[in-house]
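Okay, structure first, notes after.
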Amino acid sequence: MHPAYSVLIFTTSAGAGYGLLFWLVLVEASGRTSHTHWSFFFTLMLALALITIGLLSSTFHLGHPERAWRAFSQWRSSWLSREGVAALATYVPAGLLALLSLLKIDSGVVVLLDLLAAIGAVVTVWCTGMIYASLRTIRQWNMRLVPAIYLALSATSGALLLELMNAAYGITGGWEVWLTLACLQGAQGLKRIYFRRIDGEAGRYTAAMALGMGENGIRQIDPPHTRPNYVMREMGYEVGRRHAVRLRRWMHMYLFVVPTMWLALLVLSNLPPLLLLVPATIFAAVGLFVERWLFFAEAEHVSMLYYGKDRA
Amino acid sequence: MTCLPDSTDKKLGLVIDLDICVGCQACVTSCKEWNTGGYSAPLSDHDPYGADPSGAWLNRVHSYEVDNAHWSGTVHFPRSCLHCETPDCVTVCPTGASYKRAEDGIVLVNPDTCIGCKLCSWACPYGAREYDHDHGVMKKCTLCVDRIYNETIPEEDRIPACVRACPTGARAFGDLGDPDSAVSQSVAERDGFGLFEEFGYKPVNRYLPPRKGSDRAPTVATEEAPTNTGSAMEKLFAWADRALSR
């Protein structure tokens, strides 16, 4: 599948934003937060900024961005619509929390809003994963593991950002670093299972099924047009598969191994936390972008069976 | 609404005879011609006369070489939307622009509400939906909904443009939900099949398989050798034949 940059930015940026929102409000709801009203407010604003940048970016690949509001209407059947509704709904508790912290109001309702915002973040990211997991046309996406990976990577990038913001506000020694390390290991484990699964199966569907003209011995001698058409450009993206091995290695290195090493140094040494967390976050961001790019580029679409592929 | 209807009154669709399709692309061009000038905006083309032409087409013909127990030879293979009974291309649509009509089963895109997110094309295993880069919306076969019910055109033209254009009669249009219709009869007679039934969208369009070699070779009586009467006229022609052959 062709990796549209707007969608890569959307899923990574909004994913990190929802992850940050999730951990920030959970830590607050647990009553163990060391944040002041101001540091909470600015961290929440960072989360909402990442989410908003992501959501706006997702409209850039639309043919008619001005009609994007229509996408809230079909939540009964469409995961894309559900994602839009969940994203919009999450703004309500998150926005109220921002307002309360700005006005320095500590009320019992804060915990309720925290929980609603956390649920909203999980549901939105889950819906994002389900947009892909519900497509039976793409075997690399059509698995239960996919929404779990979206959630795990959202949690990982969010935890790393929370750790970074904590360090920026001089909040150190918290248990967030262990949370981040746990997320990194969990997400890496899921990605390893994912790659083993997609490499281990040859594809359920064959050209023989698609064409209905017997097994074997089928060769496309004349494609419908002289140059690649929309379907071939969108669904038949090949670049990622050629470089998949190297890109996967980069992804593991940048997204998981390097941040884990920096965080281990943070625990073991007395170096200034920001000095370690800034590069860790940058490496993770690059790794996450490579991960999302590969998620698209490695996905094979069954319509390519009509264009000369044997299996998908 | 992007929820599918429980059932449709009719199942309008195409029957394509792979035995007689010659791959002439007449259905492709007539489809483009009708649908570029009819409802909605034109089907855009990019660099049409240049080195890298591309554009939105609703019907495309592939050509395959098949050599197996089932069939041996060249097969020209027209492929367009199959107007499936349970397609995800409808249910994934976030805006309700993609819908299946309860009255006749035709799957359509409303160009006024489509946001061009392309998700429906990702959900289609047949590659039947194409994005129109100029119009910013998805385009697909409409089964010429603006012809088949159109009372302002002659009755013989009230069939899809591709069916009307096919010079070999390889395409037929009708109600595949009615077992007595001509299309259903031909499907029953020729073991017509749906594309990619394993995928489970329940396509409505049917394909008639190429006939087996043994079905095709007719037994023709050998021509009788002409009798020689030995007339003067025959001798003249025989001489002329020899003289001219020299």
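Every chain is numbered from 1 and lettered A, B, ... according to where its sequence line falls, protein lines coming before strand lines. Note that the structure is predicted; figures quoted are calculated from it, not measured.
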Against chain A, work out which of [options] has the most heavy-atom pairs shorter than 4.5 Å and name it.
options	result
Gly136(B), Gly116(B), Ser63(B)	Ser63(B)
Thr113(B), Val92(B), Val28(B), Asp132(B)	Thr113(B)
Lys118(B), His76(B), Glu197(B)	Lys118(B)

Can you tell which part of [X] gets under 4.5 Å to a heavy atom of chain A, answering side chain, backbone, both or neither?
X	result
Pro203(B)	neither
Tyr126(B)	both
Arg79(B)	side chain
Ala123(B)	both
Cys93(B)	backbone
Tyr207(B)	neither
Ala51(B)	backbone
Val66(B)	both
Asp88(B)	side chain

Heavy-atom pair with the smallest gap, counting every atom of [X] and [Y]:
X	Y	result
Ser303(A)	Cys124(B)	CB-O, 4.3 Å
Cys3(B)	Arg76(A)	SG-CB, 4.2 Å
Pro53(B)	Thr226(A)	CG-OG1, 4.1 Å
Cys117(B)	Leu80(A)	SG-CD2, 3.8 Å
Ile115(B)	Ala71(A)	CD1-CB, 4.2 Å
Tyr306(A)	Leu195(B)	OH-CD1, 3.6 Å

Closest-packed option against chain B by number of heavy-atom pairs under 4.5 Å, given [options]:
options	value
Glu234(A), Arg136(A), Met232(A), Glu215(A)	Arg136(A)
Ser81(A), Ala210(A), Ala312(A)	Ala210(A)
Ala4(A), Pro224(A), Gly212(A), Gly214(A)	Pro224(A)

Please report the interatomic distance [atom1]([X]) to [atom2]([Y]), rounded to the nearest 0.5 Å.
X	Y	atom1	atom2	result
Trp79(A)	Thr91(B)	CH2	OG1	12.0 Å
Asn229(A)	Glu130(B)	CG	CD	5.0 Å
Ser121(B)	His301(A)	OG	NE2	7.0 Å
Leu211(A)	Phe196(B)	CG	CZ	9.5 Å
Tyr64(B)	Ile221(A)	OH	CD1	10.5 Å
Ser54(B)	Arg227(A)	OG	CZ	9.5 Å

> For Glu33(B), does the CD atom have more than 12 heavy-atom neighbours from other residues, nucleotides or ligands under 6.0 Å away?
Replying inline: no

> Is the side chain of Arg67(A) donor-acceptor paired with the backbone N or O of Cys114(B) at a distance under 3.5 Å, no angle test?
Replying inline: yes

> Where the side chain of Asn68(B) meets the backbone of Asn216(A), is there a donor-acceptor pair that is under 3.5 Å apart?
Replying inline: yes

>> Applying salt bridge (charged side-chain N to carboxylate O under 4.0 Å, His left out), can you list everything that pairs with Arg219(A), at least two apart in sequence or on another chain?
In response: Glu65(B)

> If contact means a heavy atom pair closer than 4.5 Å, which residues of residues 82-93 of chain A contact chain B?
Replying inline: none

> Hey, which residues of residues 53-64 of chain A are touching chain B, say heavy atoms under 4.5 Å apart?
Replying inline: His61(A), Leu62(A), Gly63(A), His64(A)

Could you tell me which portion of [X] (side chain, backbone, both or neither) has an atom closer than 4.5 angstrom to a non-hydrogen atom of chain B?
X	result
Met235(A)	side chain
Trp141(A)	side chain
Val302(A)	both
Met304(A)	neither

>> Run the side chain to side chain contact (heavy atoms under 4.5 Å, CB included) test against Pro210(B) and tell me which residues pass, sequence neighbours left out.
In response: Met213(A), Leu18(B), Asp19(B), Trp71(B), Val75(B)

> Parallel, tilted or perpendicular: which describes the rings of Phe296(A) and Trp122(B), with under 30° parallel and over 60° perpendicular?
Replying inline: perpendicular

>> Can you tell me how the ring of Tyr230(A) sits relative to the ring of His133(B), calling it parallel under 30°, perpendicular over 60° and tilted otherwise?
In response: perpendicular

>> Can you confirm whether Met209(A) sits close enough to Phe199(B) that some side-chain heavy atom of one is under 4.5 Å from a side-chain heavy atom of the other?
In response: no

> Tyr131(B) versus Arg233(A): any side-chain heavy-atom pair under 4.5 Å?
Replying inline: no

> Should the pair Asp222(A)-Arg60(B) be classified as a salt bridge under the 4.0 Å nitrogen-to-oxygen rule?
Replying inline: no

